[in-house]
Amino acid sequence: MKIISSLLLTCVLMFLPGAAHAKLEVVATTPDFGSIATEIGGRSASITTLAKPTEDPHFVDAKPSFIVKLNRADAVVEGGAELELGWLPALLDQSRNSRLALGAPGRIACAQGISLAEIPATLDRSRGDIHASGNPHFLTDPLNAKIVADHIASAFCQLDPKSCDTYQANSKKFAAELESKTAEWEKLLAPFKGQRVVAFHDTWPYFARRFGLSIDLFLEPKPGIPPTPVHLAEVVSRMKAEHIHVILVEPYQNRKTAEAVAADTEATVVDVTQFPGGVKGTDKGYIELMDYLVRSIANALSAGRK
Ligand SMILES: [Zn+2]
């Protein structure tokens, strides 16, 4: 009788929402980390993403509902490297969830294991620089996505050992797909090696390094500081002198500013995004997003040659 009743209890628990056998509950800060966490988690994890794909990851609109989501989560997947410094720490404090405390297995910082670009020689936030500890937009290199996927899989294994085989298998499959796609993307951008591209914000150093481009002239005078007329005039003159024909702009950046610079320099404005779903044709996930980026930048560079 005792056995039957404990069996019954187990069955009831299995079908109760939020019961011991439920999926791993994961909150991702931005949709790129959310997409990779979904690839790894498969059916064993439930992923919720806080930031919208059209939002600036440095300045996300923190809603009270985020605190509830963080309070219930088994894990949070964040970029780290100060990407979310302006909004996440306060939310985590208010969520009062010790599973997400610094150093806890549920705190998954994706920058760990990534070799960060543009680490400044001296830490100086006084001029408004929001990349004060290195560039946090490392997922624009698809091979960094492989490192992140592997890191997430290991963390999920630690939190949920019974599904570890699934997480590892999903990570392997994602890595294999990334490798073959990266070879394809490298081929598509190979004709443009060494070419320069302008961007609104310094989002693309990892993408540029992977594909042999130079994306180091920005409409912002410093990351997070809005463009000024003096700075824009300098950008226009450098674009003319160096024959730069492409300007990258993300959904939350001022497209009109980019268009004004493009009008002065006969350049093309290309709508890009770091996040799956940020622009049309990227909502299926990280790989579709990279596909879109490579193709739209290759098209614009090829048109600029005429
Ligand atoms: Zn940034």
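Excluded from the calculations below are hydrogen atoms, water molecules and symmetry mates; all remaining heavy atoms, backbone and side chain alike, are included. What you see is a predicted model; the values in this text were computed from it and never measured. Note that ligands are numbered from 1 as they come in the structure, with each ligand's atoms numbered from 1 the same way.
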Q) What's the NE2-the Zn ion (ligand 1)-NE2 angle here (His201, His131), rounded to 10 degrees? A) 100°

Q: Say whether His137 and Gln274, considering side chains only, have a donor N or O and an acceptor N or O under 3.5 Å apart.
A: yes

Q) Cluster question for you: counting only ILVMFWY and a side-chain heavy-atom cut-off of under 4.5 Å, with indirect links fine, are Ile297 and Trp185 together? A) yes

Q.
Run the side-chain hydrogen bond (donor to acceptor under 3.5 Å, both in side chains) test on Gln195 and Ser214 for me, step by step, so that the C-alpha distance in whole Å, both residues' side-chain angles and the decisive distance to 0.1 Å come before the verdict.
A. CA-CA 6 Å; Gln195 288 215 27; Ser214 200; over 6 Å; no

Q) For the Zn ion (ligand 1), what is the closest N, O or S atom on His137? A) NE2

Q. Do you know which N/O/S atom name in His58 is closest to the Zn ion (ligand 1)?
A. NE2

Q: Examine distances only and state if a side-chain atom of Ser296 and a backbone atom of Tyr292 form a donor-acceptor pair shorter than 3.5 Å.
A: yes

